[in-house]
Amino acid sequence: MKIFNKVSNIDFLSLRHTMAAISAFLIVLCFGSFFIYGFAFGLDFTGGTLIEVHYDKDVADLSTVRQLLAKAGFADASVQRFGTPKDVLIRLGISDSETSGITLSTRAFEALQQAAKVEKRRVEYVGPQVGKELVEEGGLAILYSLIGILMYVAMRFEYRFAVGAITAIIHDVIATLGIFSAFQIEFDLTVLAAVLAVIGYSLNDTIVVFDRIRENFRKLRKGTVIEIINISLNETFSRTLITSGTTLLTVLALYNFGGEIIRGFSLALLVGIIVGTYSSIYVASAAVVALGIDRSNLIAPKKELQLDEMP
Amino acid sequence: MNQDPLWKHLLILSIIVMGILLALPNIYSQDPSIEIAAVRDAKIDMALETSIIKSLKKAKIALKRIDRISKNKLLLRFKSTETQLQAKDIIAATVGNKYNSALTPAPDLPWWLASLKVRPMYLGLDLRGGIHVLIDVDMDAALDKALERYTGDIRTLLRKARIRYSTVTHGTKLVSVKFRDLAIRDEAETLLHREFPSLLLTQTEFGQTFNLIAKLSPKEETEVKKFALEQNITTLRNRINALGVAEPIIQRQGERRIVVELPGVQDPARLKEIMGATATLEYRLADDHHSVEDAISGRVPIGFRLYKDREGHPVLLSNRVIITGDRITDASSGFDQRNNQPAVFVSLDSIGANRMRNFTTENVGKPMAVVFKEIRTETKMIDGKPTRTRRMVEEVISIANILEPFGRRFQTTGLDNPQEARNLALLLRAGALAAPIEIVEERTVGPSLGQDTINKGFTAALFGTVLVIIFMVLYYKVFGLIADLVLIINIVLLLAALSLLQATLTLPGIAAIVLTVGMAVDANVLIYERIREELRNGNSPLTSIASGYEKAWSSILDANVTTLIAGIVLFSFGTGPVKGFAVVLMFGIFTSVFTSVTVSRTIVNALFSNRRLKTLSI
């Protein structure tokens with residue numbers, strides 16, 4: 001089975017200006033969403049107390065749970081279903097009083113226990129200062145991985161490729177964050193891990209394309225820069241689709257079967273992989289063209305000759 | 001060009017065989033178990049086993065099996081987590097406090113596998129259930145305490161040197177000393193500079209008062225913080241060990257945080273009680289002329305009390321406490337310079353030093369005792385039900401004669417061996433927390449959720465793998481089959497590496513395994529697409545295979561190195577779930593490059609190199 005019997009011959013780069021406009025527009029939309037809606041930060045970042053409970057019967061009406069909690073002094077508790085009708089997630093928010101998360105969760109759980117048979121599945125308490133640190137650390141982590149990648153790509157290729165790769169990564173990260181902001185999907189620590197993973201995977205596609213561009217620049221004597229990049233994109237196109245496809249298959253399996261806790265994580269990867277495939281063609285390669293790459297930039301300097309001349 | 005030497009086949013084969021052996025323990029289910037360890041001189045014997053079986057039978061709790069895993073350890077296996085939890089309290093009450101009982105999952109391995117000492121992956125708390133706590137140490141309080149100590153020390157020193165000062169006060173982050181005379185101030189500065197080199201001294205003047213401001217040097221500040229963190233970790237470890245948890249994790253995180261992870265523990269209130277518990281030490285005068293026998297029979301002399309030492313022998317001690325453990329600033333073990341006997345060196349703060357000096361001057365030649373006091377929680381059977389009681393434990397940990405008067409620093413000898421000296425130093429140091437602590441993060445995962453998560457992760461991994469395997473066969477036919485075989489070897493090696501290094505597997509770690517499956521075929525896809533290209537260019541099958549592998553290598557290397565960079569950053573910055581993801585991601589990169597390049601090449605060569613091929617099934 002083959003997607004293309006011969007090497008495909010698509011003029012990817014002729015659309016690069018249109019695609020750049022679309023990408024730019026989407027990025028602006030994402031930023032708009034960041035400023036208007038912000039993020040639905042999870043407990044890891046906001047701090048507070050969370051309890052996941054499992055009932056042995058379906059919970060028909062969540063308002064009874066809310067009333068029980070209100071009676072126990074948790075009027076502002078948020079109650080929602082978690083995956084199945086038997087599982088309920090309760091958030092208690094940050095309390096001003098000095099009582100710790102342990103005491104709070106125990107009190108809330110005891111209130112629920114009086115009304116029905118319920119099992120404590122998970123309790124999480126995060127102090128407010130921890131959340132702030134995580135936001136800082138997460139931002140730093142993204143920054144440092146960008147710097148590391150920039151240096152490696154600049155060393156192995158050329159600075160224009162490094163800039164192209166970084167542009168594509170930033171594009172993908174913003175797009176992924178944009179989905180989480182626009183649809184107000186909970187953003188927790190596992191989602192942050194997924195965003196960092198997206199950086200790795202988005203880059204993976206880009207690097208393979210770049211590798212081919214470099215090879216073709218050295219191999220093919222004829223053709224303009226745009227022609228050579230187009231040839232390279234076409235030669236790697238079926239590989240790009242297959243790898244993205246197999247990775248998507250596994251991420252879909254994770255999204256469907258991995259359970260509620262990992263759903264945000266899988267979603268971030270899902271978005272990241274799709275956007276990353278697109279960006280390796282229309283952001284990374286197009287950026288390299290826009291930066292004015294030239295054949296001479298990639299012809300390897302002949303160091304061997306100099307070595308031979310040494311006595 | 002396409003043939004491999006025999007040694008390469010054998011090497012790859014032996015790596016795969018080892019991988020299978022190391023990964024194998026993971027397919028066996030883990031029994032919820034209780035480990036019973038004998039403390040001090042207690043023994044694990046048949047009598048103990050029978051009494052446990054009897055009391056479990058009485059409570060109608062089904063036991064799967066009893067294993068004697070070592071000379072002083074017994075393992076009780078149960079069929080479910082519920083029965084394990086029910087049994088825990090009953091067993092604690094049956095065996096008493098000469099044994100430590102702890103909840104732990106134990107893989108049910110066949111004897112031949114168990115004898116190889118292979119272990120399954122170490123499951124994180126989100127998968128096995130338990131409590132995770134992040135503790136913040138109040139460093140401001142630790143620094144404040146250090147300054148307070150210096151305030152007293154400065155006062156004592158100036159008084160002893162007969163330098164007239166008007167006041168010594170302890171302000172925020174500084175100690176200020178006021179003088180009425182410039183010359184005296186300068187004299188004091190020289191003295192303080194010599195005696196306390198770790199203080200930074202500055203001079204200020206207001207009219208007729210001349211001040212000396214002392215601050216902790218940055219080096220001393222780091223030192224104080226490091227000490228506070230280390231001592232708190234030691235203290236917490238001692239207290240948590242008393243809780244009876246298998247494999248507790250207590251480690252520092254960053255400069256002021258401590259992570260405590262207790263697998264299998266479900267009761268955060270209990271943990272909190274232990275953390276808040278206060279163990280203290282007291283120095284008391286020991287009696288040397290009354291009869292201990294009289295005291296045992298009830299005639300305790302006035303002003304004295306009967307204590308017991310660690311072996312249970314009775315000791316008479318004075319009612320008057322000389323100093324308590326919170327006056328101890330440091331304790332370390334070593335050897336007495338005069339007779340090379342094991343000794344413990346103790347430092348006191350200035351108040352403690354003063355009291356100690358006054359007391360020892362009056363009591364040279366008399367014995368002095370160190371008493372360890374702690375509140376312990378115990379489980380006992382009352383009316384057939386396990387009930388928790390709190391009990392004050394007082395033990396005399398050492399008695400030694402006062403050889404000469406001493407104050408701030410002194411040594412305790414009369415210990416039997418260096419090990420005992422180390423233990424005593426630890427107890428002296430670990431008696432109290434060096435600085436207040438606060439729980440800033442707490443996560444409890446119930447055992448049923450952990451098992452659920454494992455099941456879901458397994459289902460996702462299974463579906464992901466099967467989908468990829470089917471796709472590869474459909475798309476690349478025979479070569480697809482090779483890629484699939486290599487993919488399975490990759491998963492085995494990844495599990496083997498994680499089991500061998502006992503890296504912690506968490507839910508994000510499982511996600512990383514699933515992702516690795518999707519990404520691992522990438523290297524093969526790159527190679528196969530290249531081979532197809534070479535074939536299209538009219539090359540012979542064997543040449544196409546060779547140049548396909550060769551030309552794809554640069555892309556494979558670059559793609560994996562960049563992912564590895566992201567993985568390293570994730571690992572070094574991340575905490576908890578992020579780290580768990582990064583570990584598996586990085587191992588996955590190594591195993592997948594090895595399997596999909598080296599192993600697959602060897603398989604392809606072995607299959608095709610000796611044939612005259614006209615076409616390739618790719």
Side-chain angles (χ1 to χ4, degrees), chain A residues 1-2 6-7 52 54 100-102 106 119-127 129-130 134 137 140-141 144-145 148-149 152-153 156 189-190 192-193 196-197 199-201 203-204 207-208 211-212 235 238-239 242-243 245-251 253-254 256-259 261-262 265-266 269, chain B residues 134 136 268-269 272 438-446 448-449 452-453 456-457 459-461 463-465 467-468 471-472 474-475 507-508 511 514-515 517-519 521-522 525-526 529 532-533 536 551 554-555 558-559 561-563 565-570 573-578 581 585:
Chain A
M1 197 165 84
K2 283 171 189 173
K6 287 181 181 168
V7 172
E52 188 191 324
H54 179 79
S100 75
I102 299 172
T106 314
E119 181 198 344
K120 191 160 34 172
R121 297 267 275 181
R122 171 166 67 113
V123 176
E124 296 188 357
Y125 161 77
V126 177
Q129 67 273 49
V130 177
L134 275 181
E137 277 171 22
L140 271 182
Y144 278 95
S145 51
I149 287 158
Y152 181 79
V153 178
R156 283 279 291 175
L189 208 52
T190 59
L192 179 70
L196 284 157
I199 292 180
Y201 293 117
L203 193 66
N204 197 43
I207 289 293
V208 170
D211 214 74
R212 192 53 81 97
E235 281 175 349
S238 62
R239 174 266 161 193
I242 293 164
T243 301
T246 54
T247 316
L248 274 181
L249 281 182
T250 53
V251 173
L254 212 52
N256 277 317
F257 305 110
I261 299 177
I262 204 106
F265 174 91
S266 327
L269 279 174
Chain B
L134 185 64
D136 187 76
K272 234 194 145 191
E438 188 199 352
I439 295 178
V440 288
E441 192 187 300
E442 184 234 322
R443 292 167 201 268
T444 313
V445 176
S448 65
L449 179 65
D452 256 27
T453 311
K456 280 179 181 155
T459 317
F463 269 89
T465 313
L467 285 174
V468 171
F471 175 82
M472 290 301 280
L474 287 181
Y475 200 78
L507 179 60
V514 179
L515 267 175
V517 169
M519 289 292 299
V521 293
D522 179 49
V525 172
L526 277 167
E529 289 297 311
R532 281 181 173 185
E533 248 175 71
R536 268 196 297 261
K551 287 184 176 169
S554 135
S555 299
D558 281 331
V561 168
T562 40
T563 314
I565 293 176
I568 292 169
V569 173
L570 269 172
F573 279 85
T575 50
V578 182
F581 178 78
L585 182 75

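Each chain gets a letter, A, B and so on, in the order the sequences are listed, and its residues count up from 1. These values consider heavy atoms only, across backbone and side chains, with no hydrogens, waters or symmetry-generated copies.
A salt bridge links B/Arg443 with A/Glu124: the closest approach of a Lys/Arg side-chain nitrogen to an acidic carboxylate oxygen falls below 4.0 angstrom. Electrostatic pairing of A/Arg212 and B/Glu533 counts as a salt bridge here, judged by a charged N lying under 4.0 Å from a carboxylate O.
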A/Thr243 vs B/Val521, side-chain contact (heavy atoms from CB on, under 4.5 Å): CA-CA, chis, key distance, verdict = CA-CA 7 Å; A/Thr243 301; B/Val521 293; over 6 Å; no

In sequence, state the C-alpha distance, the side-chain angles, and the governing distance for B/Asp452 and A/Arg121, and then conclude on side-chain contact (heavy atoms from CB on, under 4.5 Å).
-> CA-CA 10 Å; B/Asp452 256 27; A/Arg121 297 267 275 181; 2.9 Å; yes

Given A/Arg156 and B/Ser554, is the side-chain contact (heavy atoms from CB on, under 4.5 Å) satisfied, shown in steps?
-> CA-CA 10 Å; A/Arg156 283 279 291 175; B/Ser554 135; 4.3 Å; yes

Let me see the working for A/Thr250 and B/Val468 under side-chain contact (heavy atoms from CB on, under 4.5 Å), right down to the final yes or no.
-> CA-CA 7 Å; A/Thr250 53; B/Val468 171; 3.6 Å; yes

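When all heavy atoms of A/Ala253 and B/Gly464 are compared, the closest pair comes out as CB-N, 3.6 Å. When all heavy atoms are compared, the tightest approach of A/Asn204 to B/Ala559 is OD1-CB, 2.7 Å. In this structure, A/Gly259 and B/Lys456 approach most closely via the heavy-atom pair CA-CD, 3.5 Å. The two residues B/Gly518 and A/Thr247 make their nearest non-hydrogen contact at O-OG1, 3.7 Å. Of all heavy-atom pairs spanning B/Ser555 and A/Asp211, the tightest one is OG-OD2, 2.9 Å.
Comparing B/Thr465, B/Leu515, B/Thr453 by how many heavy-atom pairs each has under 4.5 Å with chain A, the most go to B/Leu515. Most heavy-atom pairs under 4.5 Å with chain B, from the set A/Leu249, A/Ile149, A/Asn256: that is A/Leu249. Interface summary for chain A: among B/Asp522, B/Leu134, B/Thr459, the most heavy-atom pairs under 4.5 angstrom belong to B/Asp522. For the set B/Pro508, B/Gly457, B/Ala511, the count of heavy-atom pairs under 4.5 angstrom toward chain A peaks at B/Ala511.
Atom CZ of B/Phe463 is surrounded by 12 or fewer heavy atoms from other residues, nucleotides or ligands within 6.0 Å.
In this structure, CD1 on A/Ile207 lies 6.0 Å from CG on B/Asp558, to the nearest 0.5 angstrom. If you take OG1 on B/Thr563 and CD1 on A/Ile199, they are separated by 11.5 Å, rounding to the nearest 0.5 Å. To the nearest 0.5 Å, the span separating OG1 on A/Thr246 from CG on B/Leu467 amounts to 10.5 Å. In this structure, OG in A/Ser145 is found 7.0 Å from CG in B/Leu570, a value given to the nearest 0.5 Å. The distance from atom CD1 of B/Ile568 to atom OH of A/Tyr144, rounded to the nearest 0.5 Å, is 15.0 Å.
With a 4.5 Å cut-off on side-chain heavy atoms, B/Glu441 and A/Tyr125 do not count as touching. By the 4.5 Å heavy-atom criterion applied to side chains, A/Arg122 and B/Thr444 are not counted as neighbours.
Looking at B/Leu585, only its side chain comes within 4.5 Å of chain A, counting heavy atoms on both sides. For A/Glu119, the part sitting under 4.5 Å from any heavy atom of chain B is the side chain, from C-beta outward, and nothing else. Neither the backbone nor the side chain of B/Asp136 comes within less than 4.5 Å of any heavy atom of chain A.
Using a distance-only test at 3.5 Å, with no hydrogens or angles considered, no donor-acceptor pair links the side chain of B/Thr562 to the main chain of A/Leu203.
Taking the six-membered ring where the residue is Trp, A/Phe265 and B/Phe581 present perpendicular rings, their angle passing 60° and hence far from 30°.
When each of A/Leu254, A/Leu269, A/Ile262 is paired with B/Val514, the side chain to side chain contact (heavy atoms under 4.5 Å, CB included) condition holds for A/Leu254 and for no other.
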